[in-house]
Each structure stands twice: as C-alpha cells, then as structure tokens.
Novice: 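To start, I am sharing the structure in question, which I have written as structure tokens.
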Amino acid sequence: MRITLVFILTLVLPSVLLSAFALQAVEAERVARLADRARSQEVEVQGVVHEVDELLQGRARAATDALRAARARTPAEAAGVAARLVATEPLFGGFVVLDAAGRRAVPTGPLAPPSWPTTGVAVALGGCAGAALCPDPLPLLLAAEERSTRDREGSLEMLASVIRRGSPEATAAALFDTGRIHEAGALLDTAPGATPLVGGMHNAREAYEALSALPLRRIDARARPVALQARFRHAMILATLKRTEQARAQLVALLDGLEAEGDLLPRDAVVELAERTGALLEDGAALARARDIAQRRERVEQAAARIEDLFGTSMRGALRDAAVARRGRAPGGVPGLLAAAGDAPAPASASGGAAAPAPVLFKARAGDRFEIVVCAPVTREGGGVAGLVALQLDLGALEAALRSRVLARGPTHSLVPVSEQPEARLDLAVAPLRPPLDHVAALYRAPPDTTPAPLGLARGTMTVWGVGLSIAGIIAGVLVTISTVRRETKAAQLKSDFVANVTHELKTPLTSIRMFLDTLLLGRVNDEAETKECLQVMARESERLTRLIEQLLVFSRIESRRWRLRLNFEHPRTMVDDALKVLADQLGVASKEELGIEVVAVQELTLVAADRFAMVEAILNILHNAWKYTPEPRRIRVVLASRRRHIEIAVEDNGIGVPRGDRRRIFVKFERGSNAEEKRIQGSGVGLSLALSILEAHRGTITYTPLEPTGSRFSLWIRK
Ligand code: ADP
C-alpha cells in the first residue's frame, strides 16, 4: 500500500503532470500558431476584397468622370462619350442613354417629333406666307407635293418659296423626308426658267449633296439618319452618272463615318447601309470592314436592349428620384446620382478637397448570371438632369481581369462564386467581395505549414512524440517500480532467511559447547579421556563459531568497501594447503591428509600476487561447499593448472551438483540453491558470493562446470 502510494507520488503523478504540461504547452503553441495563421489568412483575403473593390470603383468612377469631363449636356452628346468608352475600355460591354423622361434616346431612340402650332395655318396659307409662318418646311413640302397633281404652278411656287425661306439643310432634309427628292428635283429642273434655286440646288443630285454635308448623326423627325442615307444615295447617283471615282470616294467616306458614329445611329439603317456599301465597293477589305461595322452595331443594340430590359426600372427610378430631389424633396433610393449630376456640392476638382461622389452601380440577375451597370447623369447647361447614361460592365472581362490580378498574388489566392465556396477549413479563409460583386468570394488557401516546431520536429510528429514519450515514461516508471519492489521484497526475504540461517549456524556450535560444558560441570564424565574429549569438542565448536563470525566479518568488510587487498607473491599450492588445514580444523579432522582430498598440480606453477588471507578464505569456502554438498562416498580433488593468463584452482566433487536453473543465482549474496534447500543442508548463502567478491578483487573470477555423472567443478581463476 505504501509502495503503491510512493509509486504514485514519485513516478505516476509527476509523469502524468509532466505529460499534461507538455501536451498543454504543445497545444497552447498549436492554438497560438493557428490563431496567427487565421489572422494572416484573414488579412490576405481582405486584401483581395479591398483590391477588387478599388479596381471596380476606380473603373466606375473613371467612367463617371469621363462623362462629366466631356461636359455632355444632351443625351446624344453623352451617348457619344459612352460609345467611345465602350470602344476603348474593354471592361465596358455596352451602353444605353435615356432622356429626362426615361425614354431611350440613343441609340435608335426616336426624337420627339416637333410640334408646330402654326403648321396647320401655314399649310392653309401656302406660298411665302405659309413658309414664313412655319420654320419646319416638311408640312409645306408635303402640301406642295400634294398640290402638284391638280395645281402644278401653285405647287412649284409653294415649293420655291419654302426653299427660299428655309435653311438649305432644313429644306434638303424636308425634301428627303418626302421621300421624293428625285421627283422634287425633276420638278425643280423643269420649272419655268429653270432658275437655279437656293444654294444652286436644282436637281436631286445637288439635294443629296447638300444633305451629305449635314453631320452624320443628324436624324429627322421620324428618327431616320438623313445625312447617312443621303450620302449613300448621292454615291448611287454619282455611279449612275458614271462618275465612278467620286462615287467610290463617297462610299469609302461613308464607311469611315459609319465606323466612327455608327454605334449612335439607328441600327437597321446602319446595318443595311454598311452591307450595301461593302458590297458596292467590291473589295474584300471593304466588305470585311462593312461586316464588322454591322456586327458591332448589332452588339451595341443587343447590349442596349439588355440593359434596358434589366435595369430600365432602376434607371427610371433614379431619374424620377433625381427630379424629385431637384424639386426640393428628399432623394429616393439612389444616393449619389444627384451628387454625381453636379447638383450637390461641387466635385472634388472644383472644391479642392471634397471627395468625388461614389459612382452609382446597379446589379441585376439574368438567369444564372449577374449584370452590373454604372450609371451617370447627363446634366443640362444650367443644372438639372437631362438624362441618364448606363454603361454595362462586362462581368466576364471584369472577372478575368480580377482573376489575373488576384492570381498574380500566388496560387494561394483565387476567386470563386459564393455558391461554390468550399466548406470552412482551418487553412482556408473566404470572404465575399463588396457589393455589387458580392456574388463572388475571395478565397485564400494557406500553403502547408513548414515552420519548424520546437526541437525541429513537425508539429504532428511532436504531439505524437510527446504523447508517446509520456506513455513510455509511465510504462518505464511502472516497470522500474515493479522490479524495485520485487528486488526489495526479495532482499528482505533473503535477509530474513540469512538471519535465520546465521542464527542457526551460530546456535549449533553454541548448543554443543553448552551441552559439553554442562556435562563437565555436573561431573558426568568418568575419566580423564572423556573430559579431554569434551574439551576437544568444545574447542572445535568454538573454532567453528569463530570461523563463521570471521566469515561474516570478512564479508561485511568486503561489502562495506573498507577492505583493502594486501598483495604478496604467493604460491597457489601453499594457499590450497592452508585452506585444507583450516578445513580439517573446522571439520575436526586431525590432519588435512585425513580429509582424503587429493591435490593435483598439472604443471609447474608460478607465484601469483594475492592477499593470502582472503584467497585462503575463498578456497576454503569452495572446499567447504564441496565437502558439505557431497555425501559419502566422497571424492574430492583440487586440480591446480597454469592457463594462458590465469592460474586455475579447480575443486571437483562427486556431490549433488547444482541444478541447471540455479547456476547463476548461487553466486548472488544470500541466494541458495534449490538442492541445498531440498536436502536441508545448512548454510547461509554467503560463501560463494564472498569467494567471488574476493576473486573479482584479484581481477579473477569463479566458474562452475557440472561433472558427469554427478558432481561439481568450481574453478577459481587467479590472474598471473
Ligand atoms: P551455502 O551456505 O548455502 O552453502 P554458498 O554461497 O556457499 O551458500 O553456496 C550457495 C549455493 O551453491 C548453495 O546453497 C548450494 O546450493 C550451491 N553449492 C555450492 N557449492 C556446491 C557444491 N559443491 N555442490 C553442490 N551445490 C553447491
């Protein structure tokens, strides 16, 4: 019980505590590292989120700023800037422009038909009076044309007066608008006197020529690209007149114009005229160019339709809110649009410090994809919103740009759709991008942790080793304790056996001395001879007693290491003889010869350095055992031989021998052979270990060899 307690207190408890501390330390270190890693992973991922946001906001702001810097005051002007942005900035996929009323203005949006209150009167008046009243020549021209069938003279006069009063462009546009320029030209050419009319325009060719001079983007009241169509028809007439070179130059100029401004013109006209022009030019390059123009225009149209489809409601809402805000009421759900429109505090450049308003971004889902537009207002000259430009961000291009930027940070960084983000793991950090890109998440995958753990071991290995060592420590502790306990128990047992044996050994001679003393004292002896015999026994027994005590004293001296060898050159034979003499004494035999122990010397022996007293003691012990463990008829002999480095003193007997299992054990202090115990032969288990200690002090040893059929040979090896 006490041992168990000691064991627990001295070994198990400290081991367990140490292991617990060690594991806790390892765990604490692991947790600290993990926390560090998580922090740095978070920093990495937020870095990406920030960078992406900067990029998107930067591009959106650049677009808004470009519109503001271009000072686009009308939807048409703003559309020109937007078209240029789309053509030059790969991140923008398309655009659409709304007017203040929320109608699609450009591309292809219809212009508001001018309403002239005086038109009806002008038409009714006709002639110069009518032309003076009505700045739009179209109704008058239509009226003149209509009159031509029944009143040719009146019709011509009306036509001439309209042409004289109006600007050449307006008139030409009006002529074109009637769709009958040829007829009108012919009408004019066949007029009496055929006087050249305004600007020398007196036939269809000249009418088209005048129209061709108009800006290409000019659209008539029915949203037809007047100048564009006139240029084409002019080229056609030139071709008809066989002025091929001029016709060709006109067509090439037409392609140039389409390339520059086609995106802002009505789609059908652009596509049709581009294709026809390409075909007329009859060369591969022109054809390809024309096809490109047509395709691009188609794309612009599709993008515009898509934007309007997805964002029409939001954009119109933004316009409404801007209008409401202008009237002094709070703006609705589109913060920033008015600020961006310039109604709010002056922009950064003007105020020299105030931050530019954040760009307005709208996001919508289209099937499994998202679309994003950047909205910028079109501001009127005196302030106020004239319309709204929406630029579509090409999300594919944007994501590709983002990915290449993010991937440039290393293979650890990537972008994934939010819906596909992986399960949370320790080596992963994920964060959604900021709106409107919040459907995408930035992902950082930490590289494997290669930082060496303390002791240069990998962390996992260290934990395994820590646990393993602790367990091994506990097991070793348990084993050591068990073996110590067993050894101590055994020692205690041996000591108590020894005490019992020694006591017995001491008591036996004392008892016989006492017995003979009593005999003498009580006068029970009859004669001198008996008295002498008694005294002799007593002397022998006291001699035996002395011997035993001496033996114990020698042993304890050797044991206590206070003993020092007194070496002299001794002859082995002499030492054997001395031992035999002592043995004879101990056994009460008159002389050593009577013991009947034969001493054989195989060769001439040399002297050896030995402590004579100790060595005789050792030999005596062996001889005594041989005598003790050999029943009659006893045959004991001592063989002396000179070996290579040793002198061998072998004591051979035909006794009971030592059982195989005891042959090592018998040399251990207090150990006795099972044979000795069985046969109840008295002894203390000290003799052999004492002899071995003496021989070892002489740098020699003792060996045991069993003899056939029975008996033992104990050899004492003394260093030469
Ligand atoms: P003990 O006092 O028991 O003789 P020793 O140390 O002298 O103690 O001997 C140890 C054991 O060796 C003995 O108990 C005995 O079993 C065995 N032994 C020693 N010498 C002999 C021998 N000559 N023949 C048989 N057994 C022997």
Side-chain angles (χ1 to χ4, degrees), residues 56 59-60 62-63 66-67 70 72 75-99 103-110 216-217 219 223-225 228-229 232 254-279 281 284-312 314-315 361-376 387-401:
L56 178 66
R59 296 294 166 99
L67 284 161
E77 283 169 2
V81 180
R84 269 198 303 283
L85 274 174
V86 169
T88 53
E89 168 66 87
L91 277 191
F92 294 119
F95 72 98
V96 71
V97 182
L98 301 187
D99 62 15
R103 285 175 307 182
R104 200 207 261 187
V106 184
T108 60
L216 197 64
R217 248 190 281 161
I219 294 172
R224 286 176 307 186
L228 185 68
Q229 288 182 350
F232 182 75
L254 182 62
L255 274 190
D256 291 345
L258 282 175
E259 203 155 50
E261 312 220 21
D263 289 354
L264 303 167
L265 291 166
R267 178 194 44 181
D268 294 345
V270 170
V271 172
E272 188 201 333
L273 288 183
E275 278 168 0
R276 288 179 68 185
T277 309
L281 279 170
L287 205 61
R289 207 169 148 216
R291 201 176 302 125
D292 278 354
I293 292 169
Q295 281 172 358
R296 207 177 76 194
R297 185 61 189 86
E298 286 288 5
R299 278 201 301 276
V300 167
E301 180 56 29
Q302 280 164 12
R306 189 174 173 80
I307 295 171
E308 216 190 349
D309 202 27
L310 287 170
F311 299 99
S314 309
M315 291 192 298
L361 294 160
F362 289 124
K363 177 183 182 182
R365 180 187 270 279
D368 56 347
R369 287 183 50 80
F370 288 95
E371 295 279 359
I372 295 175
V373 288
V374 185
C375 287
L388 187 72
V389 180
L391 282 163
Q392 178 197 28
L393 274 174
D394 184 338
L395 268 194
L398 178 69
E399 280 184 28

Novice: Between Val373 and Ala390, what is the shortest heavy-atom contact and its length?
Specialist: CB-CB, 4.4 Å
Novice: Output all residues satisfying ring pair (Phe, Tyr, Trp, His ring centres under 6.0 Å) with Phe232, sequence neighbours left out; order by chain, then residue number.
Specialist: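 Ring pair (Phe, Tyr, Trp, His ring centres under 6.0 Å) list for Phe232, sorted by chain: empty.
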Novice: Output the distance between atom CZ (Arg297) and atom CD1 (Ile293), rounded to the nearest 0.5 Å.
Specialist: 12.0 Å
Novice: Of the non-hydrogen atoms in Leu391 and Ala63, which two are nearest, and what is the gap between them?
Specialist: CD1-CB, 3.6 Å
Novice: How would you list, by chain and number, every residue that makes a side chain to side chain contact (heavy atoms under 4.5 Å, CB included) with Glu298, sequence neighbours excluded?
Specialist: Arg267, Val271
Novice: Charged N to carboxylate O under 4.0 angstrom, Asp256 versus Arg289?
Specialist: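 Arg289 and Asp256: salt-bridged.
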Novice: Check whether any side-chain heavy atom of Glu259 sits under 4.5 Å from a side-chain heavy atom of Asp292, and report yes or no.
Specialist: no
Novice: To the nearest 0.5 Å, what is the distance between CG on Leu264 and CD on Glu77?
Specialist: 11.5 Å
Novice: Can you tell me how far CD1 of Ile372 sits from CZ of Phe311, rounded to the nearest 0.5 angstrom?
Specialist: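 It comes to 7.5 Å.
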Novice: Please find the pair of heavy atoms, one from Leu255 and one from Ala286, that lie closest to each other, and give the distance.
Specialist: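 Minimum heavy-atom separation between Leu255 and Ala286: CD1-O, 4.0 Å.
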Novice: Specify the closest pair of heavy atoms between Gly278 and Ala290, including all atoms of both residues, with the distance to one decimal.
Specialist: CA-CB, 3.7 Å
Novice: Could Glu301 and Arg104 be called an ion pair, given the rule that one side-chain N must be under 4.0 Å from one carboxylate O?
Specialist: yes
Novice: From Thr277 OG1 over to Glu272 CD, what is the distance, rounded to the nearest 0.5 angstrom?
Specialist: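 Spacing of OG1 (Thr277) from CD (Glu272) equals 9.5 Å.
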Novice: Nearest 0.5 Å, what's the CD-NZ distance between Glu371 and Lys363?
Specialist: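 With rounding to 0.5 Å, CD (Glu371) is 11.5 Å from NZ (Lys363).
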Novice: Looking only at heavy atoms, what is the nearest atom pair of Leu388 and Cys375, with distance?
Specialist: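 Minimum heavy-atom separation between Leu388 and Cys375: CD1-CB, 4.2 Å.
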Novice: Would you name the heavy atoms of Val389 and Ala78 that are closest together and state the gap between them?
Specialist: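 Minimum heavy-atom contact is CG2-CB, 3.5 Å.
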Novice: Hey, does Arg103 have a side-chain heavy atom less than 4.5 Å from the side chain of Leu98?
Specialist: no
Novice: Throw together a table of side-chain donor-acceptor distances under 3.5 angstrom for residues 85-97, partners on residues two or more places apart or in other chains.
Specialist:
residue : atom : partner : partner atom : Å
Thr88   : OG1  : Arg84   : O            : 2.8
Thr88   : OG1  : Leu85   : O            : 3.4
Glu89   : OE2  : Arg59   : NH1          : 3.4
Glu89   : OE2  : Leu91   : N            : 3.4

Novice: Given side chain to side chain contact (heavy atoms under 4.5 Å, CB included), test Leu254 with Leu228 step by step and report yes or no.
Specialist: CA-CA 7 Å; Leu254 182 62; Leu228 185 68; 3.5 Å; yes
